[in-house]
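All chains are named by letter (A, B, ...) in the order of the sequence lines, taking the proteins before the strands, and each is independently numbered beginning at 1.
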2 protein chains.
Amino acid sequence: MARAKFSTSSEAVNTIFYEAIPLFAQSGFNGVSMRHVATAVGISIATLYHHFPDKQTLYLRCIEEAFANKAGGLSEVLTKQSSPEEQLKHFIYRFTCLMAEDDNFRRLFQRELLDGDETRLQVLAKDVFQIQFKGITDLAQTLAPQCDSHMMAISMAGLVLFHLETTPIRQFLPGGRAEHNDPEFIAEHVTKLLLNGVMKCGND
Amino acid sequence: MARAKFSTSSEAVNTIFYEAIPLFAQSGFNGVSMRHVATAVGISIATLYHHFPDKQTLYLRCIEEAFANKAGGLSEVLTKQSSPEEQLKHFIYRFTCLMAEDDNFRRLFQRELLDGDETRLQVLAKDVFQIQFKGITDLAQTLAPQCDSHMMAISMAGLVLFHLETTPIRQFLPGGRAEHNDPEFIAEHVTKLLLNGVMKCGND
DNA sequence: GTCTATATACCGATAGAC
DNA sequence: GTCTATCGGTATATAGAC
């Protein structure tokens, strides 16, 4: 019998999450084998199966773990500021930084949009995003009462996320520069665009 | 010897593309086996390998094929209209319809953003998107000369694509309604947002 | 809690006949 | 151009010892 690497089960499980989440975020469900995960953790496949009944369950628990850790940070983003414009500016800046600093979360989310079945997306929407998304629609409602706040909330999040999502290819597209990947630069561009529209975007 | 299903090699190859592209778009490179493709086409694995040397090459040729078919459609989108506002409105509408009607193309693009290595993204940018993207930056330059046209072009495309990308989860988020998935509805929302900004988005 | 060993299935890829 | 048969490797998952 090999010496126990972890003294408690939850210690082992946490280490498995720590190693597996970046792997799944990087290569996706089908791109990561139980062997990969076990090797990364430094345990055998059998031990991995001792902690999780199957690969599907391991993956889902990783998703839950990665998203649960993020829900708290998203809540802080929507604190009240003086004016609606300040609220928007503050939200975009914090949201951009939060998404930029955690590629794992962002990539897992993108992968779920592509591969998640209806049940999984429903759980994700209800249990992880609902409260935060409601906060964004409320902000949109304050800023533009005459507008569809659901569409506006999607637009606000999408502007930020698409800039981050396209980071690896933008350097090869006309006009792409390194500073375009700076969260502060992205946040400033998105805020100006949202506040003024495309025609007056360069003005302050 | 089995009777020949296809009379020419290119006929077989085209049928392989026709079956393989939706499979790769749906499940990704690692989610589709050569067996799956061969079965979908109605040929054996060995026959598939007669037409493509390996799986990697098949996948890359599928990407090229799917994207080549789209490049033409994107060119038409940037025809000159009377005013810059009309140009923008026309571009957003055509771009939205084009992306909405071809899930395969859009999903393959999203997957490449997640999984494509630097070489593949460079080829994609230079050979597929460069000309079209240059057209969008030119439009952005016309609309907002004082603005970073690269950032603005990304924002314009991102607004449309993120609405399409989040279609499967939006129905579970607060305020989500079926008509939010209508390309015309999306195009109208995005156009208004770009032209007026968030504060005046509901006005015409 | 961890291991070795193994069952079973599928993977990508090839050989060689027709 | 297409097939059957097969190779070597890896996948998920389990059995059973310690």
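When the nucleotides dA13(D), dT2(D), dG12(C) are ranked by their closest atom to the side chain of Ser33(B), dG12(C) comes out on top. Relative to the side chain of Ser44(A), the nucleotides dT4(C), dT12(D), dA13(C) differ in distance, and dT4(C) lies closest. For Ile43(A), counting side-chain heavy atoms from C-beta on, the closest listed nucleotide (dG1(C), dC3(C), dG1(D)) is dC3(C). Among the nucleotides dT4(C), dC3(D), dG12(C), the one closest to any side-chain atom of Thr47(B) is dC3(D). Set against dT2(D), dC3(D), dG12(C), the side chain of Ala12(B) has dT2(D) as its closest nucleotide.
Between the CG atom of Asn14(B) and the P atom of dG1(D) there is a distance of 13 Å, rounded to whole Å. Residue Phe6(B) contributes atom CZ, which lies 6 Å from atom P of dT2(D) at whole-angstrom precision. As rounded to whole Å, 18 Å separates atom P of dA9(C) from atom CG of Asp54(A). Taking atom CG of residue Asn30(A) and atom P of nucleotide dG12(C), one finds them 11 Å apart after rounding to whole Å. Leu48(B) places its CG atom 14 Å from the C1' atom of dT14(C), with the value rounded to the nearest Å. If you measure from atom CZ of Phe52(B) to atom P of dG1(D), you get 12 Å, rounded to the nearest angstrom. Between the OH atom of Tyr59(B) and the C1' atom of dA13(C) there is a distance of 20 Å, rounded to whole Å.
Looking at which nucleotide of DNA chain C each of Lys55(B) and Ala46(B) is closest to, the 5′-most match is held by Lys55(B). Judged by closest nucleotide on DNA chain D, Thr8(B) is the one of Thr8(B) and Ile45(B) placed further toward the 5' end.
The residue Val32(A) sits close only to the backbone: its heavy atoms come under 4.0 Å of sugar-phosphate atoms, none of a base.
The main-chain N or O of Arg106(A) is never found under 3.5 Å from a side-chain atom of Lys70(A) such that the two would form a donor-acceptor pair. Between the Arg35(A) side chain and the Ile45(A) main chain, no donor and acceptor come within less than 3.5 Å of each other.
For Arg35(A), no side-chain nitrogen or oxygen approaches OP1 or OP2 of dT10(D) to under 4.0 Å. Between His50(B) and the phosphate of dT2(D), there is no side-chain N or O to OP1/OP2 separation shorter than 4.0 Å. Proximity of Tyr49(A) to the phosphate of dT14(D): no side-chain N or O atom is located under 4.0 Å from OP1 or OP2. OP1 or OP2 of dC11(C) lies within a sub-4.0 Å distance of a side-chain N or O belonging to His36(B).
For the pair Lys126(B) and Phe172(A), the NZ or CZ position fails the cation-pi test of under 6.0 Å to the six-membered ring centre and within 45 degrees of the ring normal.
No side-chain heavy atom of Val198(B) sits under 4.5 Å from any side-chain heavy atom of Glu85(A).
Electrostatic pairing of Arg111(B) and Asp115(A) counts as a salt bridge here, judged by a charged N lying under 4.0 Å from a carboxylate O.
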